[in-house]
Number of protein chains: 2
Amino acid sequence: MAVNDGLSRLVARARPRHRTTTEFVEATLREAILTGVIAPGTPLRQEELAETFGVSRMPVREALRQLEARALAEFHPHRGAVVAEISAADGADIGAIRMALEPMALRLSLPGLTAADLDQAEELIAEMDGEADPGRMGELNRRFHMTLYARAGRPRLLALTEQHLLAADRYLRFQFAALGYRPRSQDEHRVLLAACRAGDADTACRLVTEHVGQAAEQLTAFLEAREAG
Amino acid sequence: MAVNDGLSRLVARARPRHRTTTEFVEATLREAILTGVIAPGTPLRQEELAETFGVSRMPVREALRQLEARALAEFHPHRGAVVAEISAADGADIGAIRMALEPMALRLSLPGLTAADLDQAEELIAEMDGEADPGRMGELNRRFHMTLYARAGRPRLLALTEQHLLAADRYLRFQFAALGYRPRSQDEHRVLLAACRAGDADTACRLVTEHVGQAAEQLTAFLEAREAG
DNA sequence: TGCCAGGATATTGGATCCAATCTATCACCG
DNA sequence: CGGTGATAGATTGGATCCAATATCCTGGCA
(Lines give C-alpha, C1' and ligand atoms only; values in the text may rest on other atoms or scores of the structure.)
Protein backbone atom coordinates (compact mmCIF):
# COMPACT_ATOMS: atom_id res chain seq x y z
CA MET A 1 0.00 0.00 0.00
CA ALA A 2 3.02 2.28 0.13
CA VAL A 3 2.55 3.48 -3.41
CA ASN A 4 -1.20 3.47 -3.33
CA ASP A 5 -1.62 6.30 -0.83
CA GLY A 6 -1.43 9.45 -2.92
CA LEU A 7 -1.63 7.72 -6.25
CA SER A 8 -5.26 6.69 -6.13
CA ARG A 9 -6.32 10.32 -6.08
CA LEU A 10 -4.46 10.94 -9.33
CA VAL A 11 -5.97 7.81 -10.80
CA ALA A 12 -9.53 8.84 -10.13
CA ARG A 13 -9.77 11.93 -12.25
CA ALA A 14 -7.67 11.60 -15.38
CA ARG A 15 -8.91 8.37 -16.92
CA PRO A 16 -11.14 9.52 -19.78
CA ARG A 17 -8.57 11.87 -21.29
CA HIS A 18 -6.50 9.01 -22.64
CA ARG A 19 -7.27 6.70 -25.51
CA THR A 20 -5.40 3.66 -24.34
CA THR A 21 -4.90 2.28 -20.87
CA THR A 22 -1.14 2.23 -21.27
CA GLU A 23 -1.14 5.92 -22.09
CA PHE A 24 -3.22 6.63 -19.02
CA VAL A 25 -1.03 4.60 -16.69
CA GLU A 26 2.15 6.11 -18.09
CA ALA A 27 0.95 9.69 -17.80
CA THR A 28 -0.34 9.20 -14.28
CA LEU A 29 2.77 7.43 -13.03
CA ARG A 30 4.98 10.04 -14.64
CA GLU A 31 3.13 12.83 -12.90
CA ALA A 32 3.23 10.95 -9.62
CA ILE A 33 6.98 10.48 -9.84
CA LEU A 34 7.67 14.04 -10.98
CA THR A 35 5.56 15.63 -8.26
CA GLY A 36 7.00 13.45 -5.56
CA VAL A 37 3.78 11.57 -4.84
CA ILE A 38 5.92 8.46 -5.17
CA ALA A 39 9.27 8.86 -3.46
CA PRO A 40 12.63 8.09 -5.09
CA GLY A 41 13.69 4.50 -4.66
CA THR A 42 10.15 3.21 -4.16
CA PRO A 43 9.71 -0.24 -5.73
CA LEU A 44 7.11 -0.21 -8.48
CA ARG A 45 5.37 -3.55 -8.05
CA GLN A 46 3.41 -4.45 -11.12
CA GLU A 47 0.60 -6.28 -9.37
CA GLU A 48 0.13 -3.52 -6.83
CA LEU A 49 0.05 -0.80 -9.48
CA ALA A 50 -2.33 -2.82 -11.62
CA GLU A 51 -4.73 -3.06 -8.72
CA THR A 52 -4.68 0.65 -7.83
CA PHE A 53 -5.19 1.51 -11.50
CA GLY A 54 -7.90 -1.08 -11.86
CA VAL A 55 -6.24 -2.71 -14.86
CA SER A 56 -4.18 -5.79 -15.60
CA ARG A 57 -0.42 -5.99 -15.29
CA MET A 58 0.18 -5.60 -18.99
CA PRO A 59 -0.44 -1.88 -19.51
CA VAL A 60 1.53 -1.32 -16.33
CA ARG A 61 4.49 -3.13 -17.81
CA GLU A 62 4.37 -1.11 -21.01
CA ALA A 63 4.12 2.11 -19.03
CA LEU A 64 7.11 1.15 -16.90
CA ARG A 65 9.17 0.53 -20.02
CA GLN A 66 8.40 4.01 -21.24
CA LEU A 67 9.29 5.51 -17.89
CA GLU A 68 12.58 3.65 -18.04
CA ALA A 69 13.37 5.21 -21.41
CA ARG A 70 12.70 8.63 -19.85
CA ALA A 71 15.03 7.86 -16.92
CA LEU A 72 12.18 8.13 -14.41
CA ALA A 73 12.39 4.47 -13.40
CA GLU A 74 15.23 1.99 -13.20
CA PHE A 75 14.78 -1.62 -14.27
CA HIS A 76 16.57 -4.52 -12.69
CA PRO A 77 15.93 -7.73 -14.62
CA HIS A 78 13.77 -10.17 -12.69
CA ARG A 79 13.75 -7.85 -9.70
CA GLY A 80 11.46 -5.14 -10.90
CA ALA A 81 11.51 -1.39 -11.34
CA VAL A 82 12.11 1.34 -8.79
CA VAL A 83 11.48 5.06 -8.96
CA ALA A 84 14.64 6.83 -10.15
CA GLU A 85 16.87 7.80 -7.26
CA ILE A 86 17.86 11.35 -6.54
CA SER A 87 21.59 12.01 -6.47
CA ALA A 88 23.93 14.98 -6.59
CA ALA A 89 25.57 13.56 -9.70
CA ASP A 90 22.29 13.26 -11.56
CA GLY A 91 21.18 16.69 -10.37
CA ALA A 92 24.36 18.19 -11.80
CA ASP A 93 23.72 16.27 -14.98
CA ILE A 94 20.25 17.71 -15.36
CA GLY A 95 21.59 21.18 -14.63
CA ALA A 96 24.25 20.86 -17.32
CA ILE A 97 21.70 19.70 -19.86
CA ARG A 98 19.43 22.62 -19.04
CA MET A 99 22.35 25.04 -19.35
CA ALA A 100 22.95 23.66 -22.81
CA LEU A 101 19.39 23.47 -24.10
CA GLU A 102 17.69 26.54 -22.71
CA PRO A 103 19.93 29.24 -24.19
CA MET A 104 19.60 27.52 -27.54
CA ALA A 105 15.82 27.40 -27.24
CA LEU A 106 15.69 31.04 -26.21
CA ARG A 107 17.94 32.20 -29.02
CA LEU A 108 15.79 30.45 -31.61
CA SER A 109 12.57 31.65 -30.02
CA LEU A 110 13.45 35.28 -29.36
CA PRO A 111 12.88 36.69 -32.87
CA GLY A 112 9.46 35.08 -33.00
CA LEU A 113 8.19 36.18 -29.61
CA THR A 114 5.04 38.30 -29.79
CA ALA A 115 3.91 41.07 -27.47
CA ALA A 116 1.27 38.69 -26.16
CA ASP A 117 3.93 36.13 -25.27
CA LEU A 118 5.95 38.70 -23.35
CA ASP A 119 2.85 39.96 -21.54
CA GLN A 120 1.98 36.44 -20.52
CA ALA A 121 5.50 35.96 -19.18
CA GLU A 122 5.05 39.16 -17.21
CA GLU A 123 1.81 37.88 -15.74
CA LEU A 124 3.47 34.65 -14.74
CA ILE A 125 6.15 36.58 -12.88
CA ALA A 126 3.44 38.54 -11.07
CA GLU A 127 1.77 35.31 -10.09
CA MET A 128 5.01 33.83 -8.85
CA ASP A 129 5.63 36.87 -6.67
CA GLY A 130 4.64 35.74 -3.23
CA GLU A 131 3.30 32.35 -4.29
CA ALA A 132 3.29 30.25 -1.16
CA ASP A 133 2.73 26.79 -2.59
CA PRO A 134 5.94 25.21 -3.87
CA GLY A 135 4.11 22.91 -6.26
CA ARG A 136 2.26 25.78 -7.92
CA MET A 137 5.48 27.76 -7.93
CA GLY A 138 7.26 25.05 -9.88
CA GLU A 139 4.52 24.97 -12.45
CA LEU A 140 4.51 28.75 -12.89
CA ASN A 141 8.27 28.83 -13.21
CA ARG A 142 8.17 26.11 -15.82
CA ARG A 143 5.47 27.88 -17.78
CA PHE A 144 7.43 31.13 -17.64
CA HIS A 145 10.48 29.51 -19.15
CA MET A 146 8.53 27.57 -21.74
CA THR A 147 6.65 30.70 -22.77
CA LEU A 148 9.92 32.36 -23.65
CA TYR A 149 11.06 29.33 -25.65
CA ALA A 150 7.74 28.61 -27.30
CA ARG A 151 8.49 30.26 -30.64
CA ALA A 152 11.66 28.31 -31.28
CA GLY A 153 9.78 26.24 -33.83
CA ARG A 154 11.68 23.11 -32.78
CA PRO A 155 9.22 20.69 -31.21
CA ARG A 156 11.82 18.12 -30.34
CA LEU A 157 14.15 20.62 -28.70
CA LEU A 158 11.25 22.03 -26.74
CA ALA A 159 10.05 18.63 -25.60
CA LEU A 160 13.52 17.77 -24.40
CA THR A 161 13.81 21.12 -22.64
CA GLU A 162 10.48 20.72 -20.88
CA GLN A 163 11.38 17.18 -19.88
CA HIS A 164 14.47 18.42 -18.11
CA LEU A 165 12.66 21.38 -16.59
CA LEU A 166 10.27 18.85 -15.10
CA ALA A 167 13.14 16.72 -13.87
CA ALA A 168 14.74 19.75 -12.26
CA ASP A 169 11.42 20.58 -10.65
CA ARG A 170 11.31 17.13 -9.11
CA TYR A 171 14.66 17.81 -7.52
CA LEU A 172 13.51 21.19 -6.25
CA ARG A 173 10.44 19.70 -4.62
CA PHE A 174 12.67 17.18 -2.97
CA GLN A 175 14.83 19.96 -1.59
CA PHE A 176 11.80 21.88 -0.37
CA ALA A 177 10.47 18.79 1.35
CA ALA A 178 13.73 18.52 3.27
CA LEU A 179 14.61 22.15 3.93
CA GLY A 180 11.24 23.85 3.75
CA TYR A 181 10.09 26.26 1.10
CA ARG A 182 11.01 29.91 0.96
CA PRO A 183 9.75 32.00 -1.97
CA ARG A 184 12.56 33.44 -4.05
CA SER A 185 12.91 36.90 -5.47
CA GLN A 186 11.69 37.29 -9.05
CA ASP A 187 14.41 39.81 -9.92
CA GLU A 188 16.32 37.39 -12.12
CA HIS A 189 13.21 36.57 -14.08
CA ARG A 190 12.46 40.26 -14.48
CA VAL A 191 15.82 41.22 -15.94
CA LEU A 192 15.65 38.20 -18.22
CA LEU A 193 12.28 39.28 -19.49
CA ALA A 194 13.57 42.82 -19.97
CA ALA A 195 16.39 41.55 -22.16
CA CYS A 196 13.85 39.57 -24.19
CA ARG A 197 11.66 42.63 -24.64
CA ALA A 198 14.71 44.57 -25.81
CA GLY A 199 15.44 41.79 -28.29
CA ASP A 200 18.94 41.46 -26.88
CA ALA A 201 19.63 37.82 -27.62
CA ASP A 202 23.19 37.68 -26.30
CA THR A 203 22.29 39.18 -22.94
CA ALA A 204 19.15 37.07 -22.62
CA CYS A 205 21.06 33.87 -23.34
CA ARG A 206 23.78 34.81 -20.89
CA LEU A 207 21.13 35.49 -18.25
CA VAL A 208 19.33 32.16 -18.62
CA THR A 209 22.64 30.34 -18.56
CA GLU A 210 23.58 32.05 -15.32
CA HIS A 211 20.10 31.67 -13.89
CA VAL A 212 19.97 27.97 -14.58
CA GLY A 213 23.56 27.52 -13.49
CA GLN A 214 22.97 29.16 -10.14
CA ALA A 215 19.89 27.09 -9.48
CA ALA A 216 21.83 23.94 -10.31
CA GLU A 217 24.70 24.96 -8.06
CA GLN A 218 22.47 25.59 -5.06
CA LEU A 219 20.77 22.29 -5.64
CA THR A 220 23.93 20.22 -5.93
CA ALA A 221 25.35 21.91 -2.84
CA PHE A 222 22.33 20.72 -0.88
CA LEU A 223 22.47 17.25 -2.40
CA GLU A 224 26.17 16.81 -1.79
CA ALA A 225 25.81 17.89 1.82
CA ARG A 226 22.98 15.43 2.21
CA GLU A 227 24.96 12.57 0.69
CA ALA A 228 28.00 13.36 2.81
CA GLY A 229 26.02 13.53 6.06
CA MET B 1 8.47 -9.88 -45.48
CA ALA B 2 9.35 -6.23 -46.06
CA VAL B 3 10.94 -5.84 -42.67
CA ASN B 4 12.33 -9.33 -42.45
CA ASP B 5 14.88 -8.96 -45.25
CA GLY B 6 17.87 -7.35 -43.58
CA LEU B 7 16.63 -7.78 -40.05
CA SER B 8 17.04 -11.50 -39.74
CA ARG B 9 20.80 -11.17 -40.18
CA LEU B 10 20.94 -8.84 -37.19
CA VAL B 11 18.76 -11.19 -35.21
CA ALA B 12 20.98 -14.19 -35.73
CA ARG B 13 24.11 -13.01 -34.00
CA ALA B 14 23.25 -10.84 -31.04
CA ARG B 15 20.89 -12.97 -29.01
CA PRO B 16 23.05 -14.22 -26.13
CA ARG B 17 24.37 -10.79 -25.16
CA HIS B 18 21.07 -9.76 -23.60
CA ARG B 19 19.48 -10.96 -20.41
CA THR B 20 15.85 -10.48 -21.34
CA THR B 21 14.11 -10.94 -24.63
CA THR B 22 12.69 -7.43 -24.55
CA GLU B 23 16.18 -5.99 -24.21
CA PHE B 24 17.34 -8.04 -27.17
CA VAL B 25 14.45 -7.04 -29.38
CA GLU B 26 14.75 -3.40 -28.47
CA ALA B 27 18.49 -3.23 -29.11
CA THR B 28 18.21 -5.06 -32.42
CA LEU B 29 15.31 -2.99 -33.68
CA ARG B 30 17.02 0.20 -32.61
CA GLU B 31 20.14 -0.69 -34.53
CA ALA B 32 18.08 -1.70 -37.54
CA ILE B 33 16.26 1.64 -37.57
CA LEU B 34 19.37 3.72 -36.95
CA THR B 35 21.40 2.01 -39.64
CA GLY B 36 18.60 2.20 -42.17
CA VAL B 37 18.04 -1.55 -42.38
CA ILE B 38 14.39 -0.68 -41.85
CA ALA B 39 13.35 2.35 -43.87
CA PRO B 40 11.51 5.37 -42.45
CA GLY B 41 7.75 4.96 -42.50
CA THR B 42 7.86 1.17 -42.55
CA PRO B 43 4.98 -0.30 -40.52
CA LEU B 44 6.23 -2.35 -37.59
CA ARG B 45 3.75 -5.23 -37.44
CA GLN B 46 3.93 -6.97 -34.12
CA GLU B 47 3.16 -10.46 -35.38
CA GLU B 48 5.66 -10.19 -38.21
CA LEU B 49 8.42 -8.94 -35.92
CA ALA B 50 7.63 -11.62 -33.36
CA GLU B 51 8.08 -14.28 -35.98
CA THR B 52 11.40 -12.97 -37.33
CA PHE B 53 12.70 -12.69 -33.76
CA GLY B 54 11.35 -16.08 -32.86
CA VAL B 55 9.49 -14.78 -29.81
CA SER B 56 5.94 -13.89 -28.87
CA ARG B 57 4.32 -10.54 -29.49
CA MET B 58 4.76 -9.37 -25.91
CA PRO B 59 8.48 -8.51 -25.82
CA VAL B 60 7.99 -6.89 -29.22
CA ARG B 61 5.33 -4.63 -27.78
CA GLU B 62 7.50 -3.59 -24.86
CA ALA B 63 10.40 -2.91 -27.21
CA LEU B 64 8.20 -0.78 -29.45
CA ARG B 65 7.13 1.30 -26.47
CA GLN B 66 10.74 2.01 -25.64
CA LEU B 67 11.49 2.95 -29.21
CA GLU B 68 8.55 5.32 -29.11
CA ALA B 69 9.98 7.05 -26.05
CA ARG B 70 13.26 7.48 -27.96
CA ALA B 71 11.42 8.97 -30.95
CA LEU B 72 12.52 6.13 -33.22
CA ALA B 73 8.98 4.86 -33.77
CA GLU B 74 5.61 6.55 -33.91
CA PHE B 75 2.54 4.95 -32.35
CA HIS B 76 -0.94 5.32 -33.70
CA PRO B 77 -3.47 3.82 -31.31
CA HIS B 78 -5.10 0.68 -32.69
CA ARG B 79 -3.25 1.13 -35.97
CA GLY B 80 0.25 0.16 -34.98
CA ALA B 81 3.72 1.64 -34.99
CA VAL B 82 5.78 2.86 -37.93
CA VAL B 83 9.48 3.67 -38.15
CA ALA B 84 10.03 7.37 -37.46
CA GLU B 85 9.81 9.43 -40.62
CA ILE B 86 12.66 11.57 -41.85
CA SER B 87 11.83 15.25 -42.32
CA ALA B 88 13.67 18.51 -42.78
CA ALA B 89 12.01 19.89 -39.65
CA ASP B 90 13.13 16.99 -37.50
CA GLY B 91 16.62 17.09 -39.01
CA ALA B 92 16.92 20.75 -38.08
CA ASP B 93 15.66 19.86 -34.61
CA ILE B 94 18.35 17.24 -34.13
CA GLY B 95 20.96 19.67 -35.41
CA ALA B 96 19.88 22.35 -32.94
CA ILE B 97 20.01 19.89 -30.06
CA ARG B 98 23.49 18.76 -31.04
CA MET B 99 24.62 22.39 -31.30
CA ALA B 100 23.43 22.89 -27.75
CA LEU B 101 24.71 19.69 -26.16
CA GLU B 102 28.07 19.09 -27.77
CA PRO B 103 29.82 22.34 -26.85
CA MET B 104 28.65 21.83 -23.28
CA ALA B 105 29.95 18.27 -23.24
CA LEU B 106 33.26 19.36 -24.70
CA ARG B 107 33.69 22.22 -22.27
CA LEU B 108 33.15 19.92 -19.31
CA SER B 109 35.34 17.20 -20.74
CA LEU B 110 38.28 19.27 -21.94
CA PRO B 111 40.10 19.71 -18.60
CA GLY B 112 39.94 15.98 -17.98
CA LEU B 113 41.16 14.79 -21.37
CA THR B 114 44.32 12.71 -21.20
CA ALA B 115 47.08 12.41 -23.74
CA ALA B 116 45.81 8.92 -24.51
CA ASP B 117 42.35 10.32 -25.30
CA LEU B 118 43.80 12.88 -27.69
CA ASP B 119 45.96 10.28 -29.36
CA GLN B 120 42.98 8.03 -29.85
CA ALA B 121 41.07 10.93 -31.41
CA GLU B 122 44.02 11.46 -33.74
CA GLU B 123 43.96 7.81 -34.75
CA LEU B 124 40.26 8.01 -35.47
CA ILE B 125 40.84 10.96 -37.77
CA ALA B 126 43.53 8.98 -39.59
CA GLU B 127 41.12 6.08 -40.01
CA MET B 128 38.42 8.38 -41.31
CA ASP B 129 40.79 9.78 -43.91
CA GLY B 130 39.81 8.06 -47.10
CA GLU B 131 37.32 5.68 -45.49
CA ALA B 132 35.14 4.49 -48.34
CA ASP B 133 32.29 2.88 -46.43
CA PRO B 134 29.71 5.41 -45.23
CA GLY B 135 28.52 3.17 -42.41
CA ARG B 136 32.00 2.73 -41.01
CA MET B 137 32.59 6.46 -41.51
CA GLY B 138 29.60 7.31 -39.37
CA GLU B 139 30.77 5.08 -36.59
CA LEU B 140 34.29 6.54 -36.63
CA ASN B 141 32.95 10.08 -36.64
CA ARG B 142 30.71 9.28 -33.70
CA ARG B 143 33.55 7.71 -31.77
CA PHE B 144 35.77 10.71 -32.50
CA HIS B 145 33.25 13.10 -31.05
CA MET B 146 32.42 10.91 -28.08
CA THR B 147 36.11 10.47 -27.30
CA LEU B 148 36.46 14.22 -26.92
CA TYR B 149 33.41 14.38 -24.66
CA ALA B 150 34.16 11.28 -22.64
CA ARG B 151 35.71 13.01 -19.62
CA ALA B 152 32.73 15.28 -19.01
CA GLY B 153 31.75 13.10 -16.05
CA ARG B 154 28.07 13.56 -16.88
CA PRO B 155 26.64 10.21 -17.91
CA ARG B 156 23.20 11.54 -18.68
CA LEU B 157 24.48 14.40 -20.80
CA LEU B 158 26.72 12.00 -22.67
CA ALA B 159 23.95 9.48 -23.26
CA LEU B 160 21.74 12.23 -24.64
CA THR B 161 24.55 13.48 -26.82
CA GLU B 162 25.31 10.05 -28.22
CA GLN B 163 21.62 9.45 -28.84
CA HIS B 164 21.43 12.52 -31.01
CA LEU B 165 24.71 11.76 -32.73
CA LEU B 166 23.16 8.43 -33.68
CA ALA B 167 20.00 10.15 -34.87
CA ALA B 168 22.06 12.53 -36.99
CA ASP B 169 23.93 9.58 -38.40
CA ARG B 170 20.67 8.00 -39.48
CA TYR B 171 19.88 11.13 -41.42
CA LEU B 172 23.32 11.17 -43.01
CA ARG B 173 22.99 7.57 -44.16
CA PHE B 174 19.67 8.50 -45.67
CA GLN B 175 21.30 11.34 -47.56
CA PHE B 176 24.12 9.11 -48.77
CA ALA B 177 21.64 6.52 -49.95
CA ALA B 178 19.97 9.18 -52.09
CA LEU B 179 22.91 11.25 -53.29
CA GLY B 180 25.77 8.80 -53.03
CA TYR B 181 28.67 8.98 -50.62
CA ARG B 182 31.69 11.20 -51.06
CA PRO B 183 34.35 11.19 -48.30
CA ARG B 184 34.76 14.57 -46.65
CA SER B 185 37.93 16.35 -45.71
CA GLN B 186 39.07 15.82 -42.13
CA ASP B 187 40.41 19.37 -41.81
CA GLU B 188 37.66 20.52 -39.49
CA HIS B 189 38.25 17.59 -37.19
CA ARG B 190 41.97 18.32 -37.20
CA VAL B 191 41.70 21.96 -36.16
CA LEU B 192 39.18 20.99 -33.51
CA LEU B 193 41.58 18.43 -32.12
CA ALA B 194 44.38 20.99 -32.20
CA ALA B 195 42.32 23.39 -30.10
CA CYS B 196 41.64 20.57 -27.65
CA ARG B 197 45.34 19.75 -27.41
CA ALA B 198 46.05 23.41 -26.74
CA GLY B 199 43.43 23.39 -24.01
CA ASP B 200 41.66 26.32 -25.66
CA ALA B 201 38.10 25.69 -24.51
CA ASP B 202 36.50 28.73 -26.10
CA THR B 203 37.94 28.03 -29.53
CA ALA B 204 37.19 24.32 -29.31
CA CYS B 205 33.57 24.97 -28.35
CA ARG B 206 33.17 27.50 -31.13
CA LEU B 207 34.60 25.01 -33.59
CA VAL B 208 32.24 22.16 -32.65
CA THR B 209 29.30 24.52 -32.77
CA GLU B 210 30.25 25.60 -36.28
CA HIS B 211 31.11 22.08 -37.34
CA VAL B 212 27.80 20.67 -36.17
CA GLY B 213 25.91 23.67 -37.50
CA GLN B 214 27.39 23.32 -40.97
CA ALA B 215 26.60 19.62 -41.09
CA ALA B 216 23.03 20.34 -40.05
CA GLU B 217 22.68 23.09 -42.63
CA GLN B 218 23.86 20.88 -45.48
CA LEU B 219 21.52 18.17 -44.35
CA THR B 220 18.43 20.36 -44.10
CA ALA B 221 19.19 21.90 -47.47
CA PHE B 222 19.08 18.45 -49.01
CA LEU B 223 15.95 17.47 -47.09
CA GLU B 224 14.08 20.64 -47.95
CA ALA B 225 14.91 20.26 -51.61
CA ARG B 226 13.68 16.70 -51.47
CA GLU B 227 10.42 17.65 -49.76
CA ALA B 228 9.80 20.49 -52.20
CA GLY B 229 10.38 18.37 -55.29
C1' DT C 1 27.81 -19.09 16.93
C1' DG C 2 28.44 -18.07 12.22
C1' DC C 3 28.20 -19.58 7.48
C1' DC C 4 26.66 -22.16 3.59
C1' DA C 5 23.13 -24.93 1.19
C1' DG C 6 18.59 -25.79 -0.20
C1' DG C 7 13.88 -25.12 -0.62
C1' DA C 8 9.58 -22.10 -0.26
C1' DT C 9 7.64 -17.89 -1.77
C1' DA C 10 7.11 -13.75 -4.18
C1' DT C 11 7.69 -11.38 -8.40
C1' DT C 12 8.86 -10.67 -12.94
C1' DG C 13 9.29 -12.36 -17.93
C1' DG C 14 7.03 -14.59 -21.76
C1' DA C 15 3.13 -17.02 -24.18
C1' DT C 16 -1.50 -17.48 -25.32
C1' DC C 17 -6.17 -16.04 -25.58
C1' DC C 18 -10.06 -12.86 -26.07
C1' DA C 19 -12.04 -8.21 -26.93
C1' DA C 20 -11.96 -3.72 -29.08
C1' DT C 21 -10.97 -0.93 -32.96
C1' DC C 22 -9.58 0.23 -37.46
C1' DT C 23 -9.52 -0.50 -42.62
C1' DA C 24 -11.03 -2.05 -46.79
C1' DT C 25 -14.44 -3.88 -49.59
C1' DC C 26 -18.86 -4.19 -51.45
C1' DA C 27 -23.60 -3.52 -51.84
C1' DC C 28 -27.22 -0.24 -52.03
C1' DC C 29 -29.33 4.14 -52.71
C1' DG C 30 -29.67 8.84 -54.34
C1' DC D 1 -22.27 6.83 -61.73
C1' DG D 2 -20.70 8.51 -57.32
C1' DG D 3 -21.22 8.45 -52.46
C1' DT D 4 -22.55 6.41 -48.10
C1' DG D 5 -23.30 2.69 -44.86
C1' DA D 6 -22.75 -2.03 -43.38
C1' DT D 7 -19.89 -5.92 -42.84
C1' DA D 8 -15.71 -8.95 -42.83
C1' DG D 9 -10.95 -9.30 -42.11
C1' DA D 10 -6.79 -7.81 -40.04
C1' DT D 11 -4.36 -5.92 -36.28
C1' DT D 12 -3.74 -3.97 -32.02
C1' DG D 13 -4.95 -3.56 -26.92
C1' DG D 14 -5.80 -5.94 -22.64
C1' DA D 15 -6.41 -10.08 -19.60
C1' DT D 16 -5.08 -14.42 -18.05
C1' DC D 17 -1.94 -18.20 -17.56
C1' DC D 18 2.49 -20.54 -17.13
C1' DA D 19 7.59 -20.57 -16.62
C1' DA D 20 11.90 -18.65 -15.05
C1' DT D 21 14.46 -16.13 -11.77
C1' DA D 22 15.52 -13.85 -7.48
C1' DT D 23 15.03 -13.35 -2.60
C1' DC D 24 14.43 -14.89 1.94
C1' DC D 25 14.10 -18.01 5.42
C1' DT D 26 15.41 -22.18 7.72
C1' DG D 27 18.19 -25.92 9.04
C1' DG D 28 22.41 -28.39 9.14
C1' DC D 29 27.30 -28.34 9.71
C1' DA D 30 31.92 -26.63 10.81
Side-chain angles (χ1 to χ4, degrees), chain A residues 1-4 7 11-12 14-30 33 38-39 41-70 72-85, chain B residues 1-4 7 11-12 14-30 33 38 41-69 72-85:
Chain A
M1 279 297 184
V3 169
N4 197 323
L7 192 56
V11 172
R15 179 65 219 256
R17 269 192 290 138
H18 305 277
R19 277 180 302 183
T20 76
T21 314
T22 300
E23 212 178 304
F24 159 60
V25 172
E26 195 270 338
T28 309
L29 273 180
R30 188 176 53 200
I33 293 173
I38 314 182
T42 307
L44 295 164
R45 302 253 159 269
Q46 297 176 2
E47 194 104 33
E48 182 181 1
L49 291 173
E51 196 167 347
T52 65
F53 278 101
V55 300
S56 85
R57 268 179 52 210
M58 164 121 354
V60 173
R61 279 165 65 174
E62 288 189 0
L64 289 177
R65 286 290 179 191
Q66 287 178 296
L67 294 173
E68 182 198 19
R70 289 179 186 277
L72 292 176
E74 295 164 17
F75 257 78
H76 304 277
H78 294 280
R79 293 193 333 191
V82 299
V83 176
E85 295 283 0
Chain B
M1 275 302 185
V3 169
N4 196 322
L7 192 56
V11 172
R15 179 65 218 255
R17 268 193 289 140
H18 306 276
R19 277 181 301 182
T20 75
T21 313
T22 300
E23 212 177 306
F24 159 61
V25 173
E26 195 271 338
T28 309
L29 273 180
R30 186 176 55 200
I33 293 173
I38 315 182
T42 307
L44 295 163
R45 301 254 159 268
Q46 298 176 3
E47 194 103 35
E48 183 181 0
L49 292 172
E51 195 167 349
T52 63
F53 279 103
V55 300
S56 85
R57 266 179 54 211
M58 164 123 354
V60 172
R61 279 165 66 175
E62 288 191 359
L64 289 177
R65 285 291 177 189
Q66 287 178 296
L67 293 173
E68 182 199 19
L72 293 176
E74 295 165 16
F75 256 79
H76 303 278
H78 295 280
R79 294 192 331 190
V82 300
V83 177
E85 295 283 359

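A quick note: this is a predicted structure, and the numbers were derived from the prediction, not measured. Per chain, numbering begins at 1; letters A, B, ... match sequence-line order.
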Next on the checklist: I need the minimum non-hydrogen distance between B:Pro77 and A:Thr20, along with the two atoms involved.
Outcome noted: CB-CG2, 4.0 Å
Checklist entry - So, B:Arg65 and B:Glu62, do they make that salt bridge, N to O below 4.0 Å? => result no
Checklist entry - Which of the following nucleotides, C:dG14, C:dT12, D:dG13, is nearest to the side chain of B:His78? => result D:dG13
Item to check | Length of the line joining B:Phe75:CZ and D:dT11:P, which is rounded to integer Å | outcome: 15 Å
Checklist entry - Considering the terminal five base pairs at each end of the helix from C:dT1-D:dA30 to C:dG30-D:dC1, what angle separates the two local helix axes, rounded to 10°? => result 20°
Checklist entry - On a plain distance test, is the side chain of B:Arg57 in donor-acceptor contact with the base of D:dG13 below 3.5 Å? => result yes
Checklist entry - So A:Phe24 and A:His18, would you call those rings parallel, tilted or perpendicular, with 30° and 60° as cut-offs? => result tilted
Checklist entry - For A:Thr22 and D:dG14, is the shortest distance between a side-chain N/O and OP1 or OP2 below 4.0 Å? => result yes
Item to check | Along DNA chain D (nearest heavy atom to each residue), the more 5'-positioned of A:Pro77 and B:Ala81 | outcome: B:Ala81
Checklist outcome for this item: Winner on side-chain proximity to B:Ser56, out of C:dT21, C:dA15, D:dT21, is C:dA15
Item to check | Contact under 4.0 Å: A:Gln46 side-chain N or O vs C:dG13 OP1/OP2 | outcome: yes
Checklist entry - In terms of side-chain heavy atoms of B:Met58, which of C:dT12, C:dG14, D:dT12 is nearest? => result C:dG14
Checklist entry - Can you check the A:Glu23 CD to D:dG13 P distance for me, whole Å? => result 10 Å
Item to check | Rounded interatomic separation in angstrom, taking NE2 from A:His76 and C1' from D:dT23 | outcome: 15 Å
Checklist entry - Rounded to the Å, how far apart are B:Glu68 CD and D:dT12 C1'? => result 14 Å
Checklist entry - Under 4.0 Å: is that the gap between some side-chain N or O of A:Arg45 and OP1 or OP2 of C:dT12? => result yes
Item to check | A:Thr21, nearest nucleotide to its side chain (from D:dG14, D:dG13, C:dG14) | outcome: D:dG14
Checklist entry - Between C:dT11 and A:Arg79, is there an OP1 or OP2 to side-chain N/O distance shorter than 4.0 Å? => result no
Checklist entry - Roughly, in whole Å, what's the span from CZ in B:Arg19 to C1' in C:dG13? => result 13 Å
